[in-house]
Amino acid sequence: MAFTLSEKIIGIVSALYVVFYSFVFFQSLNYEFIAYIGVLLFFFFLITLTIRKTNFSPSILSGLSFWGFLHLSGGGIHIDGATLYSQELIHFFGKGESFILKYDQAVHFWGFFITTFVIYHLFKNAFGENAKRPLVYITAGLASMGLGVVNELVEFGAFLAIEKTGVGGFFNLSLDLVFNTLGVVIAVALLFFLQGNRYKERG
């Protein structure tokens, strides 16, 4: 299978940070993120094997790779004894688990922002150029929100299966869902703006 230059670069960069963080997590026996490494490897090989059918753009592939890097960095980098995931970025309001904005929330936003574009791309290929684009945007957004819920179920499973995890409580879960949804809403709005104009021009 032949790969483009951009695909090769994104693949190499992704492989390098996965190998690096695999070493970090195995050294520290961080079973939660060892499991996440396994999930990333599954999607890495799935995307690689289907890339000629999906034809993901370099921007989508870069966005997915960046999400993986942010996620592993969140568990692998420690500042003052606490993971990067728990670090506060900008204080808008709240405190403790209800603090906004944390690194964790920013990663959730980005993750489901890019997931919406991934799903839209797959839907666009399936529905064809004559599909009613607004319906496709909304469907892609709802599908991405559904995957956001699945993500929280996976985190809950990790909380039950592993003695010590970085998964928070009720406020953390609620804010994760809020930022998942915000990422989806912004992505759908961009699709309306960017793709909707093209659809009108063709019409």
Side-chain angles (χ1 to χ4, degrees), residues 17 21 24-25 28 30-40 42-43 60 63-123 134-193:
Y17 75 65
Y21 279 116
V24 170
F25 297 137
S28 61
N30 187 331
Y31 297 111
E32 178 187 5
F33 276 83
I34 289 173
Y36 288 143
I37 288 285
V39 173
L40 281 180
F42 170 78
F43 283 107
I60 288 179
L64 288 171
S65 178
F66 186 53
W67 184 18
F69 175 75
L70 290 176
H71 180 53
L72 297 186
S73 297
I77 296 176
H78 290 73
I79 300 175
D80 295 329
T83 63
L84 186 57
Y85 256 132
S86 63
Q87 299 299 315
E88 301 170 351
L89 298 181
I90 304 172
H91 187 194
F92 290 110
F93 56 85
K95 60 182 179 179
E97 282 203 332
S98 61
F99 184 97
I100 296 175
L101 178 72
K102 290 182 180 179
Y103 178 89
D104 178 35
Q105 297 155 3
V107 175
H108 275 271
F109 175 92
W110 176 256
F112 292 93
F113 173 86
I114 193 65
T115 297
T116 305
F117 281 94
V118 169
I119 296 173
Y120 168 72
H121 178 83
L122 296 174
F123 281 3
L135 178 61
V136 179
Y137 312 148
I138 295 169
T139 305
L142 291 173
S144 184
M145 288 175 67
L147 289 177
V149 173
V150 172
N151 179 77
E152 297 309 312
L153 291 175
V154 171
E155 287 192 359
F156 181 62
F159 174 78
L160 295 177
I162 301 172
E163 183 176 350
K164 186 178 180 181
T165 69
V167 178
F170 172 78
F171 278 107
N172 180 73
L173 167 63
S174 300
L175 287 173
D176 283 353
L177 291 172
V178 167
F179 279 90
N180 291 351
T181 304
L182 283 174
V184 169
V185 169
I186 297 301
V188 170
L190 281 175
L191 285 171
F192 267 100
F193 178 74

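We number each residue from 1, following the sequence as shown.
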What are the two closest heavy atoms between [X] and [Y], and how far apart are they?
| X | Y | result |
| --- | --- | --- |
| L89 | A106 | CD1-CB, 4.0 Å |
| I114 | L64 | CG1-N, 4.0 Å |
| I100 | F179 | CG2-CZ, 3.9 Å |

Under 3.5 Å: donor-acceptor pair, side chain of S144, backbone of A140: no

Test item: W67 side-chain N/O and F112 main-chain N/O as donor-acceptor pair under 3.5 Å: no

Does [X] have any side chain to side chain donor-acceptor pair (under 3.5 Å) partners at least two apart in sequence or in another chain, and if so, which?
| X | value |
| --- | --- |
| Y120 | none |
| D176 | H108, N172 |
| T115 | none |
| T181 | none |

Spacing of CD1 belonging to I138 relative to CG belonging to L135, to within rounding of 0.5 Å: 6.5 Å

Verdict with reasoning, L147 to I119, per side chain to side chain contact (heavy atoms under 4.5 Å, CB included): CA-CA 10 Å; L147 289 177; I119 296 173; 3.7 Å; yes

Distance-only check: which donor-acceptor pairs under 3.5 Å involve side-chain atoms of residues 69-79, not counting sequence neighbours?
residue, atom, partner, partner atom, Å
H71, ND1, Y85, OH, 2.5
S73, OG, Y21, OH, 2.9
S73, OG, F69, O, 2.8

For F123, all residues meeting ring-ring contact (aromatic ring centres under 6.0 Å, His included), sequence neighbours excluded: F127

